[in-house]
Amino acid sequence: MMLLTKEIRARLPKLYSQEKVEDPMVQVKFFHPASSWTWYAIEFDGEDIFFGLVDGHEVELGNFSLYEMQQTVVRGLKIERDLYWTPRRLSVVRQEINKRRGS
């Protein structure tokens with residue numbers, strides 16, 4: 001599966017462009033089907049580095065790498081893009097995570 005299409009690349013704001021936006025849009029969601037790890041991309045540098053929300057051991061904002069996601073294979077499975085994802089505000093994504101985690 002292609003993690004980033006031309007359409008998604010065009011839609012992702014440049015890295016650091018959303019710093020002053022109080023509630024930015026999460027443009028794309030990635031997940032590993034054999035784990036609970038999920039990555040929500042808000043910005044992209046156009047080459048490799050995303051900024052967004054990572055839902056792993058903790059839920060935190062930070063950078064993550066397209067290259068590393070493409071190279072990750074766990075139990076024979078690769079990271080996938082949620083094909084049914086529709087962009088939504090970061091606050092909505094946080095609410096969905098909190099509800100799923102029972103927080």
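Please read all numbers here as calculations on a predicted model, not as lab measurements.
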- Task: Please collect all side-chain hydrogen bond (donor to acceptor under 3.5 Å, both in side chains) contacts where either partner lies in residues 3-20, sequence neighbours excluded, each pair once.
- Result: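 Non-adjacent pairs meeting side-chain hydrogen bond (donor to acceptor under 3.5 Å, both in side chains): R11-Q27.
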- Task: Using the side-chain hydrogen bond (donor to acceptor under 3.5 Å, both in side chains) rule, collect all pairs that involve residues 87-96, keeping only residues at least two apart or in two chains.
- Result: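 side-chain hydrogen bond (donor to acceptor under 3.5 Å, both in side chains) check on residues 87-96 returns D23-S91, T86-R88, R88-E96.
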- Message: Going by the rule salt bridge (charged side-chain N to carboxylate O under 4.0 Å, His left out), which residues pair with D82 if we only count those two or more places apart in sequence or in a different chain?
- Response: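 Expected list: K29.
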- Message: Just to verify, what does S36 make a side-chain hydrogen bond (donor to acceptor under 3.5 Å, both in side chains) with, not counting sequence neighbours?
- Response: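 Not a single residue meets the side-chain hydrogen bond (donor to acceptor under 3.5 Å, both in side chains) criterion with S36.
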- Query: Residues in side-chain hydrogen bond (donor to acceptor under 3.5 Å, both in side chains) with E43, at least two apart?
  - Reply: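 Result, side-chain hydrogen bond (donor to acceptor under 3.5 Å, both in side chains) vs E43: none returned.
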Can you give the donor-acceptor pairs under 3.5 Å from side chains of residues 49-63 to other protein atoms, not counting sequence neighbours?
{"from": "D55", "atom 1": "OD1", "to": "R101", "atom 2": "NE", "distance (Å)": "3.2"}
{"from": "D55", "atom 1": "OD1", "to": "R101", "atom 2": "NH2", "distance (Å)": "2.7"}
{"from": "D55", "atom 1": "OD2", "to": "R100", "atom 2": "NH2", "distance (Å)": "2.3"}

- For L90 and V26, work out which heavy atoms get closest and say how close.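 Closest approach of L90 to V26: CA-CG2, 3.9 Å.
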- salt bridge (charged side-chain N to carboxylate O under 4.0 Å, His left out) pairs, two or more places apart, involving residues 69-78: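 As it turns out, there is no salt bridge (charged side-chain N to carboxylate O under 4.0 Å, His left out) pair with a partner in residues 69-78 once direct neighbours are skipped.
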Indicate if [X] and [Y] have the same hydrophobic cluster label, given that clusters are the connected sets of ILVMFWY residues with side-chain heavy-atom separations under 4.5 angstrom.
{"X": "W39", "Y": "L3", "answer": "yes"}
{"X": "W85", "Y": "I97", "answer": "yes"}
{"X": "M69", "Y": "L12", "answer": "yes"}
{"X": "M25", "Y": "V28", "answer": "no"}

- List, by chain and number, the other hydrophobic cluster members for L77, where Ile, Leu, Val, Met, Phe, Trp and Tyr join if side-chain heavy atoms come within less than 4.5 Å, directly or indirectly.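 Listed partners: none, L77 stands alone.
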- How does the hydrophobic cluster around M1 look, that is, which other residues are in it when side-chain heavy atoms under 4.5 Å mark a link?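 Joined to M1, directly or through intermediates: L83, Y84.
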With rounding to the nearest 0.5 Å, note down the distance linking [atom1] in [X] to [atom2] in [Y].
{"X": "F30", "Y": "T72", "atom1": "CZ", "atom2": "OG1", "answer": "12.0 Å"}
{"X": "F44", "Y": "L66", "atom1": "CZ", "atom2": "CG", "answer": "5.0 Å"}
{"X": "F31", "Y": "W37", "atom1": "CZ", "atom2": "CH2", "answer": "16.0 Å"}

- Item | Backbone N/O of Y67 and side chain of D48: donor-acceptor pair under 3.5 Å |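 Yes, because the side chain of D48 sits within donor-acceptor range (under 3.5 Å) of the backbone of Y67.
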